[in-house]
Amino acid sequence: ETGVTQTPRHLVMGMTNKKSLKCEQHLGHNAMYWYKQSAKKPLELMFVYSLEERVENNSVPSRFSPECPNSSHLFLHLHTLQPEDSALYLCASSPGPGYNSPLHFGNGTRLTVT
Amino acid sequence: RKEVEQDPGPFNVPEGATVAFNCTYSNSASQSFFWYRQDCRKEPKLLMSVYSSGNEDGRFTAQLNRASQYISLLIRDSKLSDSATYLCVVTYRNTGNQFYFGTGTSLTVIP
C-alpha cells in the first residue's frame with residue numbers, strides 16, 4: 001500500500017545532528033499525525049495537523065519541530081536529540097473530524113540516536 | 001484514567017483455537033471503533049472497523065457494547081500468521097481528530 005509514504009525508513013544520527021523526517025499522503029485526507037513508539041511501549045501521539053493547521057501538540061520537547069506545508073506533506077525536523085528519542089516514528093493520515101474513518105499509517109522511520 | 005484499556009496479555013494459544021480480546025473505553029461520547037494489528041517492528045494496520053450491530057470478516061468478529069463501554073475481537077481457527085499485537089482504537093465526538101489507542105494485546109499462536 002502506498003497511501004502514506006515515509007522517508008527515510010531508517011536513520012542513525014548523532015546528538016548534534018539536524019535531520020528531517022518526511023511524510024506524504026496520497027489519500028486526499030485533511031488530517032496528518034506524528035506518533036512515536038518506543039520499544040515495547042504504546043503509541044504516543046506527538047502532533048496533529050488538520051487542514052495544515054496544528055491542532056494538537058502533546059507536550060513534545062522543542063527539539064522536535066513539525067511542519068505541514070500543505071495537506072499532503074508533513075515533516076518532523078529533529079535537532080539535538082537524546083538517545084532516549086530512539087524509537088519508531090510513525091506518520092498517519094485521516095479524512096478529518098466528522099468522518100468515521102480509520103487512520104492510515106506509513107511504514108515508519110526507525111530512528112537511532114547515538 | 002486511561003481513555004482506552006486492554007489486557008496486554010500475552011495470549012499464547014494453539015493453532016485452531018478461538019481467542020477473544022476485550023477493550024474498555026472511558027468516554028460515553030464515543031464515535032468510532034477500530035481494531036488494528038501490529039507486527040513486530042512494523043506499523044499498525046487496520047484489521048477492521050467495529051459497527052454498532054457487530055461485524056464479521058472471515059475468521060474475525062468484532063462486537064460493540066455501548067452500555068458497558070467495551071468492544072471485543074474474536075478470532076476463530078487461529079493461524080500461526082495471526083501472531084501479532086492487536087490494538088483497540090476509539091474516537092470521540094468531542095475531541096475532533098484524536099484517535100485513542102489501547103496499549104495492545106499480544107497474541108502468539110503456537111504450532
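Every chain is numbered from 1, with letters handed out A, B, ... down the list of sequences. FYI, side chains are in, hydrogens and waters are out, and symmetry mates aren't considered; it's all heavy atoms of this structure.
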Going only through I, L, V, M, F, W and Y residues with side-chain contacts under 4.5 Å, is there a path from [X] to [Y]?
{"X": "B:Val89", "Y": "A:Leu88", "value": "yes"}
{"X": "B:Tyr70", "Y": "B:Phe99", "value": "no"}
{"X": "A:Val60", "Y": "A:Leu78", "value": "yes"}
{"X": "A:Met15", "Y": "A:Phe64", "value": "yes"}
{"X": "B:Phe60", "Y": "B:Val13", "value": "yes"}

TODO: Measure A:Leu103 against the heavy atoms of chain B and call it side chain, backbone, both or neither at under 4.5 Å.
DONE: both

TODO: Heavy-atom distances under 4.5 Å only: say whether A:Gln37 touches chain B with side chain, backbone, both or neither.
DONE: side chain

Task: Choice from A:Ser101, A:Ser94, A:Gly108 maximising heavy atom contacts with chain B below 4.5 Å - done: A:Ser101

- [ ] Using a cut-off of under 4.5 Å on heavy-atom pairs, state which of A:Pro95, A:Ala39, A:Gly106, A:Ala31 scores highest against chain B.
- [x] A:Gly106

Open item on the list: Tell me whether the count of non-hydrogen atoms from other residues, nucleotides or ligands lying under 6.0 Å of CD in A:Glu53 goes above 12.
Closed with: no

Open item on the list: Restricting to non-hydrogen atoms, name the atom on B:Phe101 and the atom on A:Tyr35 that form the minimum distance, rounded to 0.1 Å.
Closed with: CE1-OH, 3.6 Å

Task: Heavy-atom check, side chain of B:Pro44 versus side chain of A:Leu43, under 4.5 Å - done: yes

Open item on the list: I need the contact set between residues 33-42 of chain B and chain A: heavy-atom distance under 4.5 Å, sorted by residue number.
Closed with: B:Phe34, B:Tyr36, B:Gln38, B:Arg41, B:Lys42

TODO: Hey, could you give me the NZ/OG1 distance between A:Lys41 and B:Thr103, rounded to the nearest 0.5 Å?
DONE: 13.0 Å

Task: Value rounded to 0.5 Å, distance of CD in B:Glu43 from CG in A:Leu90 - done: 7.0 Å

